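Read through the structure below, which is laid out as structure tokens, and then see the notes.
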Amino acid sequence: MKYAIIAAGEGSRLAQEGVQAPKPLVRVNGEQLIDRLIRIFMDNNATEIIVICNDLMKAVGEHLAELERDGLNGCRVPLRYIVKSTPSSMHSFFEISRFLGDGPFVLTTVDTIFREDDFRRYVAAFEQSEADGMMGVTDYIDDEKPLYVGVEAGENNAANGAEYQHITGFFDTKEEVLLNNRPSIPGTLYISGGIYGLRPSAIQTLNRCMENGESRMRNFQRGLIRDGLELEAFPFTKVLDIDHASDIAKAEAFLKIGN
């Protein structure tokens with residue numbers, strides 16, 4: 001399985017709040033965000049890990065060069081990285097997409113925090129799925145601008161006890177999603193966790209979005225639905241992002257107690 005990390009943001013809010021390290025090098029429980037993801041991906045049979053970082057934060061590029069040369073925790077990292085500033089996450093995805101189009105892959109941003117056992121089950125479910133994509137979702141909503149995910153329980157999924165559900169759409173407001181939401185657990189409201197398991201067919205949608213001048217990852221996800229791709233939602237216990245200095249303490253507490 002290939003994995004990809006978008007680490008090209010500037011982390012300006014963290015810097016304004018006194019966090020000196022670039023976001024990919026911020027430590028949570030003593031482990032840098034980029035190293036944590038790479039370690040977890042290697043624990044889940046990574047054949048290649050593709051990373052994009054911007055060219056303004058030289059320390060991140062230098063760290064990736066060290067990982068490529070010296071490995072992580074004594075293990076060689078199957079790393080490929082790009083140093084390039086981009087105007088959006090979708091543009092970053094586009095830059096690394098040329099290395100992702102020959103098989104299934106999992107993409108996430110560098111500040112995504114989740115439980116490792118959740119991720120292990122997610123990868124196993126994605127590998128067994130025949131869908132075009134499997135998105136990590138969560139009912140833990142602590143995001144300034146969440147992307148709500150409409151789901152419905154499919155008959156086959158319910159019959160075989162699988163945890164994932166069919167995605168009907170992506171919505172900006174709670175009201176929109178409630179009109180389209182029929183989860184297996186009534187009343188559950190999911191948002192995107194920023195964890196994307198995709199197959200090569202998704203790259204065609206990405207290219208169309210870029211041609212149309214779209215730049216937000218939520219519009220890419222809507223494009224997948226528009227193009228008729230079959231998407232499934234896999235619920236994580238929680239997914240957190242590190243956008244503010246206070247989020248570091250939240251993430252540390254979450255990972256320590258396993259909630």
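Quick caveat, the model's predicted, so the values are computed rather than measured.
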Might you work through the salt bridge (charged side-chain N to carboxylate O under 4.0 Å, His left out) test for Arg80 and Glu68, ending with a clear yes or no? CA-CA 8 Å; Arg80 183 196 298 268; Glu68 184 180 50; over 6 Å; no

With a 4.5 Å heavy-atom cut-off, do [X] and [Y] have their side chains touching?
X: Lys238; Y: Arg115; value: no
X: Arg218; Y: Phe170; value: no
X: Ile96; Y: Ile52; value: yes
X: Met135; Y: Ile195; value: no
X: Glu116; Y: Leu255; value: no
X: Asp243; Y: Glu144; value: no
X: Arg222; Y: Thr205; value: no
X: Leu229; Y: Ser201; value: yes

Mind checking what makes ring-ring contact (aromatic ring centres under 6.0 Å, His included) contact with Phe220, not counting sequence neighbours? Phe93

What are the two closest non-hydrogen atoms of [X] and [Y], and how far apart are they?
X: Val239; Y: Tyr140; answer: O-CD2, 4.0 Å
X: Cys209; Y: Met90; answer: CB-SD, 3.8 Å
X: Ala251; Y: Ile242; answer: CB-CD1, 3.8 Å
X: Ser88; Y: Ser215; answer: OG-O, 3.0 Å
X: Leu79; Y: Val51; answer: CD1-CG2, 3.7 Å
X: Ser129; Y: Ala131; answer: OG-N, 3.0 Å

Do you see a donor-acceptor pair shorter than 3.5 Å between the side chains of [X] and [Y]?
X: His166; Y: Glu232; answer: no
X: Ser89; Y: Ser92; answer: no
X: Glu176; Y: Thr173; answer: yes

For [Y], is there any backbone N or O sitting under 3.5 Å from a side-chain donor or acceptor partner on [X]?
X: Asp139; Y: Tyr190; answer: no
X: Asn54; Y: Met57; answer: yes
X: Thr108; Y: Gly194; answer: yes
X: Glu17; Y: His244; answer: no
X: Thr138; Y: Gly193; answer: no
X: Thr109; Y: Ile6; answer: no

Working for side-chain contact (heavy atoms from CB on, under 4.5 Å), residues Tyr81 and Leu67: CA-CA 10 Å; Tyr81 68 94; Leu67 289 175; over 6 Å; no

Assess the residue pair Phe41 and Tyr3 against the criterion (ring pair (Phe, Tyr, Trp, His ring centres under 6.0 Å)); give the C-alpha distance rounded to whole Å, side-chain angles, the decisive distance to 0.1 Å, and a yes or no. CA-CA 7 Å; Phe41 293 165; Tyr3 295 89; 4.5 Å; yes

Roughly how far, to the nearest 0.5 Å, is the [atom2] atom of [Y] from the [atom1] atom of [X]?
X: Ile113; Y: Ile248; atom1: CD1; atom2: CD1; result: 9.5 Å
X: Leu100; Y: Lys2; atom1: CG; atom2: NZ; result: 6.0 Å
X: Leu224; Y: Ile167; atom1: CG; atom2: CD1; result: 9.0 Å
X: Gln204; Y: Ser97; atom1: CD; atom2: OG; result: 11.5 Å
X: Leu25; Y: His63; atom1: CG; atom2: NE2; result: 6.0 Å
X: Phe114; Y: Ile40; atom1: CZ; atom2: CD1; result: 4.5 Å

Go through Tyr148 and Ile141 one step at a time and tell me if the side-chain contact (heavy atoms from CB on, under 4.5 Å) criterion holds. CA-CA 10 Å; Tyr148 294 94; Ile141 303 176; 4.0 Å; yes

Residues Met42, Ile49; criterion side-chain contact (heavy atoms from CB on, under 4.5 Å); working and verdict: CA-CA 9 Å; Met42 291 174 64; Ile49 301 171; 3.9 Å; yes

Kindly assign one of parallel, tilted or perpendicular to the pair Tyr122 and Phe236, based on the angle between their ring planes and the thresholds 30° and 60°. tilted

Criterion side-chain contact (heavy atoms from CB on, under 4.5 Å) on Tyr196 and Met217, from CA distance to verdict: CA-CA 10 Å; Tyr196 317 97; Met217 285 298 288; 3.8 Å; yes

With Lys250 as reference, evaluate Asp142, Asp111, Asp241 under the salt bridge (charged side-chain N to carboxylate O under 4.0 Å, His left out) test and give the passing residue. Asp142

Report yes or no: do Leu56 and Val83 belong to one cluster of Ile/Leu/Val/Met/Phe/Trp/Tyr joined by side chain heavy-atom distances under 4.5 Å? no

Does a sphere of radius 6.0 Å around CZ in Arg208 hold more than 12 heavy atoms from other residues, nucleotides or ligands, not counting ones at 6.0 Å or beyond? yes

